[in-house]
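The structure appears below as structure tokens.
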Amino acid sequence: AATSAVDGAQRMILARVLEGRRCVGSPHMKEPPEIVPKSNLRFDSTGDATDTIVVTYKDQQAYPSYLITFKRRLTTAQAAAAA
């Protein structure tokens, strides 16, 4: 879970990611699978079947573009419950 700063601000990094050749992966993978068995040529990244998760295996595949700082606002119901 994310933690907030003392002032309640949270930070998120927006990164540009180079996926390259991608395949569906699984949680136990330490590196992407080979494109052709015994070829030593591997996929560049893996992900889930719905394209919502992308996993890269090399630091240079992701470039941080922005640091976004934000604070969440309470809804009316949350503010009433906190009072």
Side-chain angles (χ1 to χ4, degrees):
T3 58
S4 299
V6 175
D7 66 353
Q10 292 183 308
R11 290 175 181 80
M12 172 177 32
I13 295 173
L14 177 65
R16 295 174 187 251
V17 178
L18 181 61
E19 290 185 38
R21 287 177 286 187
R22 184 163 108 37
C23 68
V24 175
S26 63
H28 72 276
M29 288 183 167
K30 300 285 185 210
E31 58 184 16
E34 293 177 327
I35 297 171
V36 177
K38 299 182 182 179
S39 69
N40 209 22
L41 252 173
R42 298 189 174 275
F43 285 95
D44 300 303
S45 60
T46 59
D48 66 345
T50 62
D51 290 338
T52 56
I53 297 173
V54 175
V55 178
T56 61
Y57 296 86
K58 296 178 182 166
D59 291 342
Q60 56 269 44
Q61 285 180 264
Y63 179 80
S65 297
Y66 296 96
L67 175 62
I68 301 167
T69 303
F70 63 96
K71 289 184 182 180
R72 293 181 184 251
R73 294 184 184 195
L74 296 178
T75 65
T76 306
Q78 290 170 326

Pair listing, salt bridge (charged side-chain N to carboxylate O under 4.0 Å, His left out) test, anchored in residues 45-57, at least two apart: Arg22-Asp51
Pairwise distance NZ(Lys30) to OH(Tyr57) - rounded to 0.5 angstrom: 10.0 Å
Rounded distance (nearest 0.5 Å) linking atom CD of Glu19 with atom OG1 of Thr56: 9.5 Å
Donor-acceptor pair, side chain of Gln61 and main chain of Asp44, under 3.5 angstrom: yes
Close side-chain approach of Tyr63 and Leu18, heavy atoms under 4.5 Å: no
From Met29 atom CE to Thr46 atom OG1, the distance as rounded to the nearest 0.5 Å: 6.0 Å
Spacing of CZ belonging to Phe43 relative to CD belonging to Glu31, to within rounding of 0.5 Å: 13.5 Å
Leu14 atom CG, neighbour heavy-atom count above 12 within 6.0 Å: yes
Under the salt bridge (Lys or Arg N to Asp or Glu O under 4.0 Å) test, residues paired with Asp59 that sit two or more places apart: none
Closest heavy-atom pair and its distance - Val24, Ala49: CG2-CA, 4.2 Å
Results of side-chain contact (heavy atoms from CB on, under 4.5 Å) for Asp7 - residues two or more places apart only: Ala5, Ala9, Lys71
Atom pair CD/SG of Glu34 and Cys23 - distance to nearest 0.5 Å: 11.5 Å
